[in-house]
There are 2 protein chains.
Amino acid sequence: MSLLNPKKELEREALITNLLKEKGLSITAPRKLILGLLLKEHGPFSAEEILHSLPKNSCDQATIYRCLNQFVEVQLVNTSFLEKDMAHFEYNDPHHHHHHIICRICKKIESFHECLMEKIETNLQRKGYKDIQHRLEFFAVCETCAKG
Amino acid sequence: MSLLNPKKELEREALITNLLKEKGLSITAPRKLILGLLLKEHGPFSAEEILHSLPKNSCDQATIYRCLNQFVEVQLVNTSFLEKDMAHFEYNDPHHHHHHIICRICKKIESFHECLMEKIETNLQRKGYKDIQHRLEFFAVCETCAKG
DNA sequence: ACTATTTTTGCAAATTACTTGCAAATCAAA
DNA sequence: TTTGATTTGCAAGTAATTTGCAAAAATAGT
Ligand SMILES: [Mn+2]
Ligand SMILES: [Mn+2]
Ligand SMILES: [Zn+2]
Ligand SMILES: [Zn+2]
């Protein structure tokens, strides 16, 4: 694939490197592989999916978890708990803020690029979704912790 | 506590029994204990917290998980994934729809009885929260699964 | 480039929330 | 009651995620 468009590939490489540098993370092969994958194929992936999408033996499972946790810590990646026994990870592109809907039965995931609940639920109903529930959680640093 | 107001206690008992019946669940001691706790003390609890809040040896850990899963299935209880390694459970009162904010650092949980994101974030800022993020996930049955 | 210091990785073993098999206890309907 | 179906407790199992440690790679200074 990189052979088809060497210029674009170099751009991507530079982007990945810059993102890591901006966040104060050193540039390593596993980190470039994982972040590169999340940039190219976007959508929430489980650690296992990431492991199997990368070239065989290019990166250990433990390394994937460690890198993903670091990415989440610096808010380069977001975590979803769409399925209760497994976290999903996705590149946190500040210009493409969105949310997800997962079917309770088949687990198919779709994206929503709007951010108003009533609108979203109406759209979901139009799309044929039934028995819609949502869960909205905020994460922040509280006043006490911000001072201490 | 039940000694202080036997009438209220009977009402609560009846409420619990009714809720279970409405959802087609049989009335058992563990189910009454767990649902009773979630009704009395409201707020998201982990399975472990529930286990330790109940009278010693009144209910096994496995039973707690089994009951909670059944409650979630019939939408009597909601699940939150406020902390990544542990689910939290809360009574799903349709008349008190709300959401939560957890501090990234001290893990303190507060509730929000509004349901519009901009309003909520503004309120959070006023309350002194910093570095606010939110995560909104929808769960539903997709058109294909609703037909099949 | 080379070296020293720090950080990260791979591997294998550990952790832990959660689940499950099964026999005994409990529940619901008659 | 009786009886058949459901649920529970206990103990063992499962699976996602984490961790200890020695080797490998990255960074900073020369
Ligand atoms: Mn997405
Ligand atoms: Mn609550
Ligand atoms: Zn579906
Ligand atoms: Zn705090």
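Letters go in sequence order (proteins before strands), and every chain restarts at 1.
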Margin query: Suppose we screen for side chain to side chain donor-acceptor pair (under 3.5 Å). Which residues come up paired with A/Lys130, at least two apart in sequence or across chains?
Written below: none
Next item on the list: Check each residue of residues 22-39 of chain A for a non-hydrogen atom within less than 4.0 Å of any atom in DNA chain C, then write out the ones that pass by number, or none.
Entry: A/Ser26, A/Thr28, A/Pro30, A/Arg31
Next item on the list: Could you list the residues that satisfy ring-ring contact (aromatic ring centres under 6.0 Å, His included) with B/His96, not counting sequence neighbours?
Entry: none
Margin query: Could you work out, with ring-ring contact (aromatic ring centres under 6.0 Å, His included) as the rule, every residue matching B/His100, not counting sequence neighbours?
Written below: B/His98
Check: Taking the hydrophobic residues Ile, Leu, Val, Met, Phe, Trp and Tyr, and joining any pair whose side-chain heavy atoms are under 4.5 Å apart, which ones share a cluster with B/Phe81?
Finding: A/Phe81
Among residues two or more places apart or on two chains, list those pairs meeting salt bridge (Lys or Arg N to Asp or Glu O under 4.0 Å) that have a residue in [range].
range: residues 25-34 of chain A; result: A/Glu13-A/Lys32
range: residues 134-148 of chain A; result: A/Glu143-A/Lys147
range: residues 81-107 of chain B; result: B/Arg104-B/Asp131

Next item on the list: Would you jot down, in residue-number order, the residues of residues 69-78 of chain B having a non-hydrogen atom under 4.0 Å from DNA chain D?
Entry: none
Margin query: Run the side-chain contact (heavy atoms from CB on, under 4.5 Å) test against A/Lys127 and tell me which residues pass, sequence neighbours left out.
Written below: A/Glu110, A/Tyr129
Margin query: Tell me which pairs pass side chain to side chain donor-acceptor pair (under 3.5 Å) where either residue lies in residues 50-65 of chain B, with sequence neighbours left out.
Written below: none
Check: So how far off straight is the helix from C/dA1-D/dT30 to C/dA17-D/dT14, going by the axes through five pairs at either end, to 10°?
Finding: 40°
